[in-house]
Amino acid sequence: FSGDAADFSSASAEVETAGEYADGEIPYLAESCMALFLAACLMFYFYQRFILRADTLTGVALHERFALACILFGAFLLRGLLSLLVYGHPTDISCFMAWSNALAENGPAAFYTSGMFADYPPGYMYVLWLTGSIAKMLGLTYGSAGYVLLTKMPAILADLGAAYLVYQMAAKRGTSLGKAEGSGTLALVLAAVVAFNPAMVFIDTNALQVVQICITLLLVAVVALFLKKKVILAGLVYGAAILVKPQALMAGPLFAAAYFAYGKDEGWKGLLRTLAAVVSAVAALFVLSLPFRGGQEPLWFLEKLLGTATS
């Protein structure tokens with residue numbers, strides 16, 4: 001695999017020039033900056049409209065809400081601007097753009113049977129299907145700065161989602177321990193550590209290990225759901241994480257121990273819920289793989305999982 005997107009994309013004429021900036025210029029930079037600004041405004045609106053009014057934050061002081069909004073908003077702008085200035089890893093960017101374009105043009109059923117190079121399981125392909133469809137709807141030029149930014153956006157949003165979940169869990173944990181007075185400040189510090197982690201910012205803007213960032217968010221979500229006693233839903237999300245990339249199985253022993261302890265504490269009801277969580281995880285693998293099956297065998301996705309796990 002050479003990393004040239006033209007080898008596995010139908011839009012070969014456009015792909016060949018992706019990532020080639022003449023004299024250091026970035027195509028459609030002004031338009032992309034405007035789009036980034038509008039996206040930031042939209043993110044701030046949704047934060048004000050939905051997150052600040054969520055039941056989980058009703059007891060948080062107003063200044064803490066504002067501080068959390070500033071952390072997430074600043075981290076979003078930092079990643080967005082750097083993503084416009086830094087093209088990123090050309091092989092990964094080319095792959096993700098080509099896959100998203102193919103999914104938007106032809107749909108998921110023919111994706112794995114078209115002969116296109118695609119070594120990832122179908123979990124993250126749902127995200128690329130969405131980004132490709134948005135790019136098509138907005139009329140973004142393939143390989144432009146806007147298209148590249150949109151390709152990186154899932155990882156950026158996943159990082160911010162992880163920071164928010166860390167804040168939520170830390171604040172709740174501090175309250176449950178009877179330390180409500182200082183729990184908000186500590187939760188904000190932890191959220192800022194996640195949001196402005198230099199390593200994660202570098203990975204986001206260069207599109208390195210983008211899928212692993214999404215797995216991290218899903219695994220954090222599994223932990224959050226488990227702590228809220230939503231063990232069946234946690235199992236469902238864990239199944240989705242495995243289908244995004246099978247490296248999520250590395251957390252399996254930890255979750256198995258947690259579920260074992262849960263079943264022991266809750267009695268037979270806990271054991272039944274644990275069993276239901278396992279069934280939910282397996283069901284997620286089959287159901288989410290179904291649209292991508294095409295004419296392949298029912299267990300076709302296992303080959304993709306094994307191939308990705310050993311690559």
Side-chain angles (χ1 to χ4, degrees), residues 1 3-21 26-40 42-43 75-108 111 116-162 200-218 244-245:
F1 172 51
D4 186 357
D7 292 337
F8 47 82
S9 171
S10 58
S12 58
E14 296 174 303
V15 177
E16 289 175 352
T17 60
E20 297 179 2
Y21 300 153
I26 301 178
Y28 304 100
L29 179 59
E31 293 86 345
S32 300
C33 287
M34 179 61 69
L36 177 63
F37 175 74
L38 294 176
L42 185 63
M43 176 185 172
F76 177 80
L77 284 180
L78 175 63
R79 284 168 166 79
L81 291 174
L82 289 177
S83 294
L84 290 174
L85 298 175
V86 180
Y87 180 77
H89 194 278
T91 299
D92 289 351
I93 290 292
S94 296
C95 283
F96 292 145
M97 287 196 301
W99 293 341
S100 66
N101 181 69
L103 287 167
E105 293 293 335
N106 306 315
F111 181 72
M116 173 185 296
F117 171 82
D119 60 342
Y120 275 44
Y124 192 69
M125 297 305 169
Y126 279 99
V127 178
L128 295 178
W129 187 10
L130 176 62
T131 59
S133 299
I134 294 175
K136 183 179 180 180
M137 180 181 65
L138 296 178
L140 295 178
T141 303
Y142 192 97
S144 66
Y147 206 113
V148 173
L149 176 62
L150 187 60
T151 302
K152 297 177 181 179
M153 193 58 66
I156 294 174
L157 296 179
D159 255 359
L160 300 183
M200 302 308 296
V201 173
F202 176 80
I203 289 173
D204 286 350
T205 55
N206 286 274
L208 298 169
Q209 306 299 322
V210 168
V211 181
Q212 278 81 345
I213 296 173
C214 294
I215 290 178
T216 301
L217 174 62
L218 291 174
V244 170
K245 207 166 186 183

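What you see is a predicted model, and the numbers here were worked out from it, not measured in a lab. These values consider heavy atoms only, across backbone and side chains, with no hydrogens, waters or symmetry-generated copies.
With values rounded to the nearest 0.5 angstrom, Lys136 atom NZ is found 12.0 Å from Ser100 atom OG. For the atom pair Phe76 CZ and Leu81 CG, the distance stands at 9.5 Å (nearest 0.5 Å). One finds the CG atom of Leu77 at 10.5 Å from the CG atom of Leu82 (value rounded to the nearest 0.5 Å).
Among residues at least two apart or in separate chains, there is no salt bridge (charged side-chain N to carboxylate O under 4.0 Å, His left out) pair with a member in residues 122-133. For residues 78-89, the pairs satisfying salt bridge (charged side-chain N to carboxylate O under 4.0 Å, His left out) are Arg79-Asp159, Arg79-Asp204, with sequence neighbours left out. Applying the salt bridge (charged side-chain N to carboxylate O under 4.0 Å, His left out) rule to pairs touching residues 126-135 yields nothing, sequence neighbours excluded.
The side chain to side chain contact (heavy atoms under 4.5 Å, CB included) check on Ile134 picks up Leu130, Leu138, Leu150, with sequence neighbours excluded. By the side chain to side chain contact (heavy atoms under 4.5 Å, CB included) test, Leu103 is found to be paired with Pro108, Phe111, Met125, Leu128, Trp129, Phe292, residues two or more places apart in sequence or in another chain being considered. Considering only residues two or more places apart in sequence or on other chains, Thr131 meets the side-chain hydrogen bond (donor to acceptor under 3.5 Å, both in side chains) condition with none of them.
Between Trp99 and Tyr124, the distance from one ring center to the other does not fall under 6.0 angstrom.
Between Tyr147 and Tyr142, the ring planes lie tilted relative to each other; the angle falls in the 30° to 60° range.
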Can Ser83 and Ile156 be said to form a side chain to side chain contact (heavy atoms under 4.5 Å, CB included), step by step? CA-CA 10 Å; Ser83 294; Ile156 294 174; 3.7 Å; yes
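Taking both residues in full, the closest heavy atoms of Ala162 and Leu217 are given as N-CD1, 3.4 Å, listed atom of the first, atom of the second, then distance. For the residue pair Ser133 and Ala104, the shortest heavy atom distance occurs at N-CB, 3.7 Å.
In this structure, Tyr120 and Val244 have side chains that are not in contact, with every pair of non-hydrogen atoms separated by 4.5 Å or more.
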